[in-house]
Enquirer: 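Following this message is one structure expressed as structure tokens.
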Amino acid sequence: MMEIKANGPYRFGETLDYMEHQDDCLYKVIGDEIYKAEWFDGRKVLMKLSESAGGGVIIETPVNEGAGIDEIKGYCEDWLDLDYDLDGFYQFAGKDKRLSGLIDDHYGYRMVGKMDIADAFLWSILGQQITKSFAYVLKRRVVEYCGHHIEYEGEKFYLMPDAGEIAAIDSEVLREMQISTRKTEYIKDVLGSVASGELSKSYLETFDDYDEVFKHLTSFRGIGPWSANTVLMRTLKFRNAVPVGDAGIKNAIRLVDGLDAAPSKKYINEITDQWGRFGMYGTLYMWSALPAK
DNA sequence: GTCCAGGACTCGC
DNA sequence: GCGAGTCATGGA
């Protein structure tokens, strides 16, 4: 058993609440605990996360094929974004008429990251222009097809397949999962590039400049501005990233501003531009204004 | 039946 | 460089 703490405010309950409203096959909320199966250098680990009395997180590993404690701790800190200076964002957001109410409603809410870049790209492609719930169904089909899981107390906990493994799935198989022909092409191309290194996490982490990574990402077919920014947010942790064009941001602004019709692109951009280096958390807290689905 | 989903690409001008 | 059409499918 080990414990990790956050840099500033954190509420485990906010993470639980977020996760319960997703249908992500790569983690499960059971009671007040989060279960996640993950690879550590090819070794499978089942992590069980719960709230600690000190406002942090307790990590247990019911199944561990040999990963080190520090590695697992570091993973969870990164996954739940516990190192981020949330107070810094709150100082900024407290002066913003839209965000100030939202940070009170969801005090201690932090981003849940996507640690696996294959997961991030798969999700950003599947999630294009379809409902989130259907996108989760499609992702589940891909993950379960590959079949990597840990069995524990009668439950199956699935692990993210390797990028190369997904890229190698037959196109017809992906089509049968109701993934469109075009998305099938994107998935095979992009995840193939993850496997070959052009889009690997370690390579993308060598970039410091937002504009340069953005340009590199969007040079691949199937990765547009929205997809690039979702990856920059949740995986590469560029704090200024905002998924421009996102339907959720549009709806949230309409709701918070009490508009009769959907806001224009210009109206939205003027708002998100003001967030600057807090763009990522501005986005997250705006999303939190939407009714949970 | 219509419209919209956590978009991106291609084409025509 | 910008707008319209296309892709796919499910749910309201």
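Throughout, a chain's letter reflects where its sequence line sits, starting with A, and its residues are numbered from 1.
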Enquirer: Of A:Gly224 and A:Asn251, whose nearest nucleotide on DNA chain B comes first from the 5' end?
Expert: A:Asn251
Enquirer: Hey, which sits more toward the 5' end of DNA chain B by its nearest nucleotide, A:Gly222 or A:Ile130?
Expert: A:Ile130
Enquirer: With sugar-phosphate meaning primed atoms plus P, OP1 and OP2, does A:Thr181 contact a base, only sugar-phosphate, or nothing at under 4.0 Å between heavy atoms?
Expert: sugar-phosphate
Enquirer: Which nucleotide in the set C:dT9, B:dA5, B:dA8 lies at the smallest distance from any side-chain heavy atom of A:Phe134?
Expert: C:dT9
Enquirer: With no hydrogens and no angle check, just 3.5 Å: does a side-chain donor-acceptor pair link A:Tyr75 and A:Asp70?
Expert: no
Enquirer: For A:Gln178 and C:dG10, is the shortest distance between a side-chain N/O and OP1 or OP2 below 4.0 Å?
Expert: yes
Enquirer: Please check the phosphate of B:dG7 (OP1 and OP2 only) for any side-chain N or O of A:Arg182 closer than 4.0 Å.
Expert: no
Enquirer: Taking the ring centre of each residue, are A:Phe157 and A:Tyr27 less than 6.0 Å apart?
Expert: no
Enquirer: Indicate, yes or no, whether a donor-acceptor pair under 3.5 Å links the base of B:dA8 to the side chain of A:Gln128.
Expert: no
Enquirer: Below 30° counts as parallel, above 60° as perpendicular, anything between as tilted: where do the rings of A:His216 and A:Tyr203 land?
Expert: perpendicular
Enquirer: Does A:Tyr109 have its ring centroid less than 6.0 Å away from the ring centroid of A:Tyr10?
Expert: no
Enquirer: Over all strands shown, is A:Ser227 touching base, sugar-phosphate only, or nothing at heavy-atom distances under 4.0 angstrom?
Expert: sugar-phosphate
